[in-house]
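We name chains A, B, ... by the order of the sequence lines, and we start the count at 1 in each one. Heavy atoms only: backbone and side chains are in, while hydrogens, waters and symmetry mates are out.
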Protein chains: 2
Amino acid sequence: MRDFIRAVRAISDETRIRILKVLLQRECCVCEVMQALDIAQSRASRNLGILEGAGFIESRRDGLWIVYSINEQIVDGYAASLIEMLRNSLVNEQIILQDRERLSHAVRVGLRATGK
Amino acid sequence: MRDFIRAVRAISDETRIRILKVLLQRECCVCEVMQALDIAQSRASRNLGILEGAGFIESRRDGLWIVYSINEQIVDGYAASLIEMLRNSLVNEQIILQDRERLSHAVRVGLRATGK
DNA sequence: CCCCTATGTGCATATATGTGCATAGAAACA
DNA sequence: TGTTTCTATGCACATATATGCACATAGGGG
């Protein structure tokens with residue numbers, strides 16, 4: 001019951017839904033997620049942590065960055081069903097399309113180094 | 001997005017999960033739900049309302065009672081997928097089995113008339 | 001070995017959520 | 001039409017959740 005609720009709650013937040021939708025496009029580091037969603041870094045990090053704790057995503061280090069990606073090898077567990085459900089949902093949602101657009105321009109480089 | 005979140009949030013609460021599990025056994029009036037879960041009447045009523053608003057269940061009047069049941073005819077909508085997921089989940093959960101046991105003894109009669 | 005960059009986290013705060021209590025509402029039945 | 005019975009809801013309150021800000025941490029690269 002606890003795991004079930006943790007999984008469902010994890011996917012019941014708009015920010016985390018948007019993150020999952022982005023990660024369904026391709027793996028991302030934290031800074032790419034914050035660019036895609038146009039949110040603060042701490043917010044991206046925290047919500048990625050929640051999604052990881054619920055089993056939706058996994059992380060690995062790649063040089064300076066920590067790359068998050070959809071946890072594909074889950075067979076049991078509730079996250080698998082929910083991810084599958086999300087895959088077919090919200091396909092024409094405005095904000096999801098916006099995030100996808102921004103994601104396509106996101107670069108794996110700190111904002112400090114972008115010249116801004 | 002709003003509907004998606006409403007559906008997922010509706011099923012992310014232990015009380016409502018237990019209610020849905022009970023209704024998957026058979027349709028119930030409010031007083032049967034409160035007996036099965038051993039909760040207050042207002043709590044049962046309120047959570048039934050949330051589940052109805054999210055599209056999981058429907059209600060009809062039957063004499064003195066209002067009977068709630070799983071909304072079976074939903075094809076589109078997110079509730080259908082979530083109900084299907086719940087159907088195969090938590091099958092050995094202690095509290096779910098307790099609720100089912102109490103449900104089998106529940107009667108469609110006000111507590112006031114039980115002699116207590 | 002030190003510094004710099006990316007990521008994680010403690011704290012304060014605003015908002016949302018769940019619940020009990022008491023009461024209002026609704027509708028069947030006499 | 002009045003009464004009884006079941007169900008819904010306003011209110012108060014406790015708890016949970018999400019977020020920004022500032023800072024701590026970690027670990028790669030020079």
Note to self: Taking the nucleotide of DNA chain C with the nearest heavy atom to each, does B:Asp62 or B:Thr15 sit closer to the 5' end?
What the structure shows: B:Thr15

Check: What residues in residues 45-55 of chain B put a non-hydrogen atom under 4.0 Å from any atom of DNA chain C?
Finding: B:Arg46, B:Asn47

Margin query: Keeping B:Arg18 on the side-chain end and B:Asp99 on the backbone end, is there a donor-acceptor pair under 3.5 Å?
Written below: no

Next item on the list: Could you tell me whether the phosphate oxygens of C:dA6, OP1 or OP2, come under 4.0 Å of any side-chain nitrogen or oxygen in A:Tyr68?
Entry: no

Next item on the list: Kindly give the heavy-atom pair with the smallest separation between B:Gln35 and B:Arg102, and that separation in Å.
Entry: O-CD, 3.7 Å

Item checked: Exam field: side chain A:Lys21 to backbone A:Leu97, donor-acceptor pair closer than 3.5 Å -> no

Note to self: Between the opening five pairs and the closing five pairs of the helix from C:dC1-D:dG30 to C:dA30-D:dT1, how far apart are the helix axes, to 10°?
What the structure shows: 30°

Notebook entry, point to check: Which letters describe nucleotides 23-30 of chain D, given B = protein heavy atom under 4.0 Å from base, S = only from sugar-phosphate, - = neither?
Noted result: ----SS--

Next item on the list: Let me see the working for A:Arg26 and A:Glu32 under salt bridge (Lys or Arg N to Asp or Glu O under 4.0 Å), right down to the final yes or no.
Entry: CA-CA 11 Å; A:Arg26 65 169 171 87; A:Glu32 287 172 316; 3.3 Å; yes

Notebook entry, point to check: Donor-acceptor pair, B:Arg2 side chain versus B:Phe4 backbone, under 3.5 Å?
Noted result: no

Note to self: Quick check on D:dT9: is either OP1 or OP2 less than 4.0 Å from any side-chain nitrogen or oxygen of B:Ser42?
What the structure shows: no

Check: What's the CZ-C1' distance between B:Arg43 and C:dT17, to the nearest Å?
Finding: 13 Å

Notebook entry, point to check: Where each residue is assigned the nucleotide of DNA chain D containing its nearest heavy atom, which of A:Arg16 and B:Val30 is assigned the position nearer the 5′ end?
Noted result: B:Val30

Margin query: Are A:Leu86 and A:Ile50 connected into the same hydrophobic cluster when the rule is that any two of I, L, V, M, F, W, Y join if their side-chain heavy atoms are below 4.5 Å apart?
Written below: no

Next item on the list: Give a yes or no on whether the backbone of A:Ser42 and the side-chain of A:Ser45 come within a donor-acceptor separation of less than 3.5 Å.
Entry: no

Next item on the list: Could you tell me whether a side-chain N or O of A:Arg9 sits under 3.5 Å from a main-chain N or O of A:Ile11, the two making a donor and an acceptor?
Entry: no

